[in-house]
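What follows is a short report on a single structure.
Note on naming: letters A, B, ... go to the chains in the order of the sequence lines (proteins, then strands), and numbering restarts at 1 for each one.
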Protein chains: 4
Amino acid sequence: MARRYDPERRTRIIDAALRVIAADGIAGLSHRTVAAEADVPLGSTTYHFGSLDELLTAALRRSNENFARALRDSEAFAAQPAECAARPAGGGPGVEDGAGAGGGPGALLADQLTQVLEEWFAGDRGAIELEYELYLAALRRPVLRPVAAEWAESAVETLSTRTDPATARALVALLEGVCLQVLLTGSAFDADYTREMLARVVDGRA
Amino acid sequence: MARRYDPERRTRIIDAALRVIAADGIAGLSHRTVAAEADVPLGSTTYHFGSLDELLTAALRRSNENFARALRDSEAFAAQPAECAARPAGGGPGVEDGAGAGGGPGALLADQLTQVLEEWFAGDRGAIELEYELYLAALRRPVLRPVAAEWAESAVETLSTRTDPATARALVALLEGVCLQVLLTGSAFDADYTREMLARVVDGRA
Amino acid sequence: MARRYDPERRTRIIDAALRVIAADGIAGLSHRTVAAEADVPLGSTTYHFGSLDELLTAALRRSNENFARALRDSEAFAAQPAECAARPAGGGPGVEDGAGAGGGPGALLADQLTQVLEEWFAGDRGAIELEYELYLAALRRPVLRPVAAEWAESAVETLSTRTDPATARALVALLEGVCLQVLLTGSAFDADYTREMLARVVDGRA
Amino acid sequence: MARRYDPERRTRIIDAALRVIAADGIAGLSHRTVAAEADVPLGSTTYHFGSLDELLTAALRRSNENFARALRDSEAFAAQPAECAARPAGGGPGVEDGAGAGGGPGALLADQLTQVLEEWFAGDRGAIELEYELYLAALRRPVLRPVAAEWAESAVETLSTRTDPATARALVALLEGVCLQVLLTGSAFDADYTREMLARVVDGRA
DNA sequence: AATGAATGAGCATTCATTCAT
DNA sequence: TATGAATGAATGCTCATTCAT
């Protein structure tokens with residue numbers, strides 16, 4: 001096996017880990033499974049990642065990056081309030097100032113966030129589960145907490161461009177709670193309800 | 001070993017499972033560890049629970065019961081339903097004497113819920129982690145979802161005695177999101193912020 | 001592989017362990033090597049011995065028993081002083097009161113012990129190394145110390161039938177020191193010197 | 001990492017090896033552990049020492065030097081050679097003022113040796129175990145035997161300045177046997193008994 | 001009905017060594 | 001000359017499960 005000099009190997013192992021976790025969960029992640037998925041020798045995974053926790057940490061970090069990029073690229077969220085207001089009526093379906101929420105000033109943001117979630121749930125369900133599973137793993141793995149905290153921080157920061165930080169934090173918490181209920185109980189995502197509740201949080205600002 | 005006729009064995013095994021999970025997480029749960037913790041022969045655990053999933057389901061159900069009882073017994077929450085009932089239907093803005101939140105009608109409920117959480121976080125951290133770990137396990141274990149759904153349902157029902165069902169559901173989601181942030185990122189529980197955001201959800205009712 | 005119901009399996013594993021250690025040293029002892037040597041499945045060794053230390057302890061104990069039996073069966077040592085004295089001159093070669101040692105009263109015991117060592121060194125060298133290696137392993141493995149202490153105790157007791165306990169202990173120490181020098185430096189066993197020094201210890205009694 | 005031209009590296013690696021062995025035993029010695037302890041690249045250890053046996057040999061040699069220096073520096077033993085030299089050749093029973101042993105001529109030497117041991121056991125127990133473990137390793141590693149033999153030889157030579165060579169050899173054997181019993185069985189060092197038995201060996205000279 | 005001996009698969013991890021630089 | 005990336009073998013150990021009793 002002449003595979004020396006593979007500078008991307010570390011990266012490929014992380015990607016393989018994400019695929020393994022997506023398929024079988026963190027419980028299915030082992031040096032062996034990830035080595036097989038990445039098509040590298042077993043020793044290579046232990047060489048690059050001294051422990052599974054280390055690999056898990058790297059995987060969570062990558063997952064965060066993936067999500068951040070996805071959010072940044074999301075059309076629904078990218079829209080700026082000013083532009084929106086300026087947009088002529090008859091525009092896109094979701095952004096027209098209060099589809100459901102009573103028309104308070106928070107309607108636009110609430111609507112956009114709801115749309116992001118809608119897109120997210122409409123896409124590959126495995127991807128959401130993957131990201132949540134990694135994120136939730138921090139509950140029992142203290143080494144993951146700093147990375148989980150980074151993620152939460154970054155989500156709050158992103159929303160802070162549209163509202164005050166405390167409200168942003170609450171929006172993230174509510175979104176997470178809503179997602180969790182959908183994912184854990186197998187119930188359907190209810191866009192109207194979500195939009196309404198997000199709007200309450202935004203509009204409740206003193 | 002003359003332990004025949006032990007009608008409580010099933011129960012003792014479940015309790016042992018909860019202790020094992022509290023100590024080492026679900027990953028540490030095995031027929032062996034639970035048998036040792038319950039001081040029961042190895043074969044006994046496989047006899048009473050055909051698979052670990054079965055045991056896990058029973059454990060989650062018990063955990064839910066424990067939490068429900070704790071909530072029912074909580075002084076903070078058990079409070080003023082009587083007053084509420086006594087209040088004239090369709091009356092004014094409700095209970096205005098909320099401690100903390102600016103005086104919106106949701107102040108009292110928000111305050112009580114915040115207090116419940118405060119008590120919860122002040123107590124044994126292991127207990128919270130245990131309950132959350134079991135609940136979150138439903139993400140990857142479909143067999144647990146019905147039980148997780150039961151739990152969510154029951155929480156919503158409990159809150160529905162104080163507000164409308166949709167708002168109750170959102171309160172549960174927000175509470176879960178807040179708890180998750182505390183547990184996953186290791187940050188401190190912020191009572192004022194929690195109270196304020198809960199109140200926004202309650203008071204936002206159309 | 002239908003090998004259920006093998007009540008002697010534990011014993012066979014210990015015997016196999018002794019053979020493995022004799023051949024490759026404690027460093028060569030592993031669950032795998034011992035399983036192969038005993039012709040049992042790998043899992044069988046870990047089932048019967050929860051850890052290698054446990055297996056090692058059992059092996060040292062067995063080794064001690066083997067040695068004790070060998071000593072008991074040794075003709076050289078079995079001879080009783082009274083009988084010896086009563087025996088007509090021209091008897092066996094080594095027991096005649098002071099072959100080398102100056103004729104002090106300790107000559108007989110010293111001579112017999114020397115003969116035991118001589119027999120021992122003349123036999124299978126691997127057996128001695130095996131026993132010493134197991135015994136010396138207690139230096140770094142506290143769990144072995146009680147067993148090593150048992151062995152030392154038993155050796156002292158055996159010699160105490162022929163002299164006072166303190167002297168017996170010193171004889172054992174001297175014998176061990178002499179053996180060690182032979183085994184560690186590769187030098188030859190010097191019977192005359194050994195006899196002489198043992199006699200000094202015995203005869204030095206106040 | 002600009003650590004070229006490091007003439008002391010070999011030495012530092014050996015010192016690190018001694019620390020590793022002191023901490024985790026020979027079983028804990030590996031190229032990796034010693035490289036980490038010496039703060040040296042992994043490749044450096046395999047470069048300077050072709051095999052672990054080579055490193056082990058060097059470590060045993062250094063350990064011997066350390067012990068020899070310690071013995072030389074010991075006040076207890078460094079004692080009265082002058083008096084000895086001053087004593088008329090072929091004189092009477094030697095140094096009779098032995099502290100403890102009944103006054104035989106060997107009393108002084110026995111007393112001094114006992115004191116050396118007492119000091120040794122009073123000091124860092126890890127150091128003794130380290131030295132013994134390395135020394136005893138020769139049992140199973142023929143390459144170490146010459147070095148172990150050097151050590152024994154040197155100890156005998158040192159004692160030979162105070163008594164005849166055969167007696168010196170026996171004293172070393174007895175001392176080793178006594179130490180071994182203490183180290184292997186975890187029993188306490190008994191100075192009176194040791195002094196008495198050493199004296200018997202010295203005084204037994206024909 | 002209940003148990004514990006038995007087993008093969010799998011695990012994380014450590015390792016000596018090789019080799020291209 | 002010196003190094004660290006790389007790798008295949010081996011380690012101790014845990015496990016769910018089977019099955020004869």
Could you pull out the closest heavy-atom pair between B/L139 and A/E129, with the gap in Å?
CD2-O, 4.0 Å
Nearest-Å distance, CD1 (C/I13) to P (E/dA5)?
13 Å
Rounded to whole Å, how long is the line connecting atom CZ of C/R10 with atom C1' of E/dA6?
15 Å
From C/E131 atom CD to C/L183 atom CG, the distance as rounded to the nearest 0.5 Å:
11.0 Å
Taking atom P of F/dT11 as reference, at what distance in whole Å does atom CG of C/L55 sit?
14 Å
Nearest-Å distance, CG (C/D39) to C1' (E/dT7)?
14 Å
For DNA chain E, the dot-bracket notation using Watson-Crick and G-U wobble pairs below 3.5 Å, [ ] for pseudoknot-type crossings and | for other-strand pairs, is .||||||||||||||||||||
Only pairs at least two apart or in different chains count here, so list each salt bridge (charged side-chain N to carboxylate O under 4.0 Å, His left out) that has a residue in residues 25-37 of chain C.
C/R19-C/E37
Mind checking whether D/V143 and D/L56 have side chains closer than 4.5 Å, heavy atoms only?
no
Test C/L136 against D/R140 for side chain to side chain contact (heavy atoms under 4.5 Å, CB included), laying out the working first.
CA-CA 11 Å; C/L136 299 177; D/R140 277 299 189 173; over 6 Å; no
Select one nucleotide: of F/dG4, E/dT3, F/dA2, the one nearest the side-chain heavy atoms of B/R9.
E/dT3
A/T45 or B/S44: which one's nearest nucleotide on DNA chain E is closer to the 5' end?
B/S44
What's the spacing between B/L60 CG and B/E65 CD if we round to 0.5 Å?
10.0 Å
Between C/V34 and C/I13 the two heavy atoms that sit nearest each other are CG2-O, 3.6 Å
OG/B/S63 to OH/B/Y135 distance, rounded to the nearest 0.5 angstrom?
11.5 Å
Letter by letter from the 5' end, nucleotides 12-17 of chain F scores (B base, S sugar-phosphate only, - none; protein heavy atoms under 4.0 Å) BBBBBB
